[in-house]
Amino acid sequence: MAASVPAGSASKATPRQRLRAWMLQGLADMGKHQHAEPPSAHHGQRWWRVMCLTGVDYFSTLGYQPGIAALAAGLLSPVATLVLVAVTLAGALPVYRRVATESPHGQGSIAMLERLLSFWKGKLFVLTLLGFAATDFLITITLSAADAATHLVENPHVHSVLQGRQMIVTLVLIALLGAVFLKGFLEAIGVAVVLVGGYLALNAVVAVVGVWHVVTAEHVVTDWSRALTTQHGSVPAMIAVALVVFPKLALGLSGFETGVAVMPHIEGDPDDTEERPTGRIRGAKKLLTTAAVIMSIFLIITSFVTTLLIPAPAFKPGGAANGRALAYLSHEYLGSAFGTVYDVATIAILWFAGASALAGLLNLMPQYLPRYGMAPSWARAVRPMVLVFIAVAFLVTWIFDADVDAQGGAYATGVLVLIASAAIAVTIAAHRAGQRGWTIGFAVISVVFLYTTVTNVIERPDGVKIGACFIAGIILLSFTSRLARAFELRVTEVILDDTAARFVRDIAQRRIRFIANEPDQRDFAEYRDKAQQIRADNDIPPEDDLVFVEVTIRDPSEFESALHVHGHVMHDRYRVLCLEGSTVSNALAALLLYVRDTTGRRPHIYFEWTEGNPFAQFLRFFLFGQGEVAPVTREVLREAEPDRDRRPRVHVG
């Protein structure tokens, strides 16, 4: 719940109390949308407007992608970019069109893989992917801020003032981003449309002017072609080298995961349903395809003109075109005024890309961690999380010295891991659907992206290091939170079938006595001996009714679940309530409280002590939902019902 200070006592609150109340006040605008009721399937925005929302991340890479390509491939940059475009259109695009079909509510490929895996291995796998997703989003923030700072510092109007202050400018931009989110930030599709439209228009002007200079200066093409042939020999050799350096250009693949994440904003057909939003899926496919085609065209043209028109030394660290190749051309061929306008547009879209990434980061974690019981209470408020992420962004910026090129490897790793996981997810989905052709095709794409990911990791391990830090942090915090919340009443609702409801009504006429039984053979002797033992240990008269309660564990890694109760008469004599839940103790406590509330009578439950080491038994409870049931059930009841006079009674013999 949001922390607040009553109006009447606000003046009496200490500064520390007021600060705490402000920090924990509510959730972000994104969080409100995340927890709000989903809109009906046909409401939303036109797909091309939503494309601009993901485009602030995807298209903004034009600010630094040509320079990174030139550094990685040199004269071969246009050829390597063609390979990137081929992988984009023939690999990433088909994969994410399938993801849009399989996961139309914005959960993306992580949710697809979550459905394919169960138990703790599924949770750990999702936490690992969340670590790489956090790497992707966080490096988007730091890299975009660093490149925005580069465009600002290198602008001729302020260069003399800001020269050598790249780090300070980057940190200021990140701090400004954090300040906006601390005040409250809502992604505005309208702002994204203006930014993306203006930015693409300016890039189109620069690209056309660049092509014109290449065409009119014929020696430029011949000089490049001659140098390329001298350096690499034959065309097959060029393609081979381009394939080798392609992983370094993987930044050009960013944006696909964001593209499916924004699907809920897309307008659907009037007859769409939430179960099958056909119009929304069609719109998402148009979004993904159009964005990929636009980006591919720009990548091919810009890599060609920047390689041919910009001297190679200018791309190197400290060079005038490093991290700002198109801005360099805009100043060089269109004048200082146009170049400044281009710089401003680039800085704006790069900053908004960081805002979009932070919004995505704040939205992504609540989709999974609270469901797993793996979110600390303060993580429900946006402001503490903003401070955490901004602090980490400061640290990453300092580690990489606000260098765009140095952060490229870490960014590419996050992007490639998510795309590779998406390719694997759709391969499995196609296989399960019996689509042999698609299965083979997606399997080949998966191999390509796995190769690209591994190659990128080997050459530039920074991404894995940062990803590993995020994974370790997420897992540590998640399991610490899960441990702290182990004794919560984690049942969302209790559902009784007709037989179980009749049992409860019958015993409510007398003292309600339950026997907790761990089912074994479930034969007549088991129930007879158990009942005799419980009566003897607790001096229960023979005429008093006893109802057995047995819990079947479904998936102990689930944190919250509904409790289904089925009634059975075993061996024509013994009444048994069979429960299905994620833990024995929480299920029993939920049943006892439900019976108390529906009958108005306080129930009693009887246990036998479990043999074994208490610590080992607690680990069994934490991991497998079993362990020492009696004391844990009592503790769950104590936390759920502070009033001892209303708390169901637990007896152990």
Side-chain angles (χ1 to χ4, degrees), residues 61-89 147 150-151 154 203-253 295-334 339 342 403-406 408-409 412 451-452 455-456 458-460:
T61 58
L62 288 171
Y64 45 81
Q65 176 71 12
I68 290 177
L71 276 179
L75 294 173
L76 205 60
S77 174
V79 180
T81 301
L82 285 174
V83 174
L84 172 66
V85 168
V87 174
T88 298
L89 299 179
D147 196 48
T150 299
H151 283 79
E154 293 298 330
N203 275 284
V205 172
V206 175
V208 169
V209 170
V211 170
W212 171 257
H213 279 84
V214 168
V215 171
T216 54
E218 296 181 1
H219 69 90
V220 173
V221 177
T222 55
D223 290 348
W224 171 72
S225 177
R226 188 180 302 110
L228 198 60
T229 304
T230 302
Q231 191 175 97
H232 298 285
S234 62
V235 173
M238 297 178 192
I239 296 175
V241 174
L243 290 173
V244 172
V245 301
F246 155 70
K248 297 181 180 180
L249 278 62
L251 290 182
L253 293 167
M295 189 64 173
S296 297
I297 293 172
F298 271 106
L299 285 175
I300 292 172
I301 296 175
T302 56
S303 68
F304 184 71
V305 298
T306 53
T307 302
L308 269 63
L309 296 178
I310 299 177
F315 288 111
K316 296 180 179 180
N322 182 250
R324 55 185 300 276
L326 294 177
Y328 177 94
L329 290 181
S330 68
H331 282 276
E332 186 75 16
Y333 293 105
L334 291 165
Y342 185 89
D403 190 330
V404 175
D405 302 323
Y451 154 76
T452 307
T455 303
N456 183 78
I458 293 173
E459 292 188 2
R460 299 181 289 181

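Along the sequence shown, the residues carry numbers beginning at 1. Both backbone and side-chain heavy atoms feed into the values below; hydrogens, waters and symmetry mates do not. Since the structure is predicted, the reported quantities are computational estimates derived from the model, not experimental observations.
Between Ala325 and Gly67, the shortest heavy-atom distance links the atoms CB-N, 4.1 Å. In terms of heavy-atom proximity, Thr61 sits nearest to Pro66 at O-CD, 4.3 Å. Considering every non-hydrogen atom in both Ser330 and Gly339, the closest pair reads OG-CA, 3.6 Å.
Using modelled atom types and a 3.5 Å distance limit, the side chains of Tyr328 and Asn322 yield no donor-acceptor pair.
Just one of Val211, Leu299, Val214, Leu309 meets the side-chain contact (heavy atoms from CB on, under 4.5 Å) condition when paired with Phe304; it is Val214. The side-chain contact (heavy atoms from CB on, under 4.5 Å) test with Met295 singles out one residue from Ile300, Leu62, Thr88, and that residue is Leu62.
Relative orientation of the His213 and Tyr333 rings is tilted, given thresholds of 30° and 60° on the angle between their planes.
To the nearest 0.5 Å, atoms CG (Leu228) and CE (Met238) are separated by 4.0 Å. A distance of 5.5 Å separates CG in Asn203 from CZ in Phe298, rounded to the nearest 0.5 Å. Distance check: Leu329 CG to Arg324 CZ gives 10.0 Å after rounding to the nearest 0.5 Å. Between the NE2 atom of His219 and the OG1 atom of Thr222 there is a distance of 7.5 Å, given to the nearest 0.5 Å. Between the CD1 atom of Ile297 and the OG1 atom of Thr302 there is a distance of 11.5 Å, given to the nearest 0.5 Å. Atom CG of Leu326 is separated from atom CD of Gln65 by 10.5 Å, given to the nearest 0.5 angstrom.
In this structure the side chain of Val305 never reaches within 4.5 angstrom of the side chain of Val206, judged on heavy atoms. For the pair Ser77 and Ser303, the minimum side-chain heavy-atom distance is below 4.5 Å. By the 4.5 Å heavy-atom criterion applied to side chains, Glu332 and Val209 are not counted as neighbours. Side-chain atoms of Ile68 and Leu249, non-hydrogen and from C-beta on, never get closer than 4.5 Å to each other.
No donor-acceptor pair under 3.5 Å is formed between the side chain of Trp224 and the backbone N or O of Thr307.
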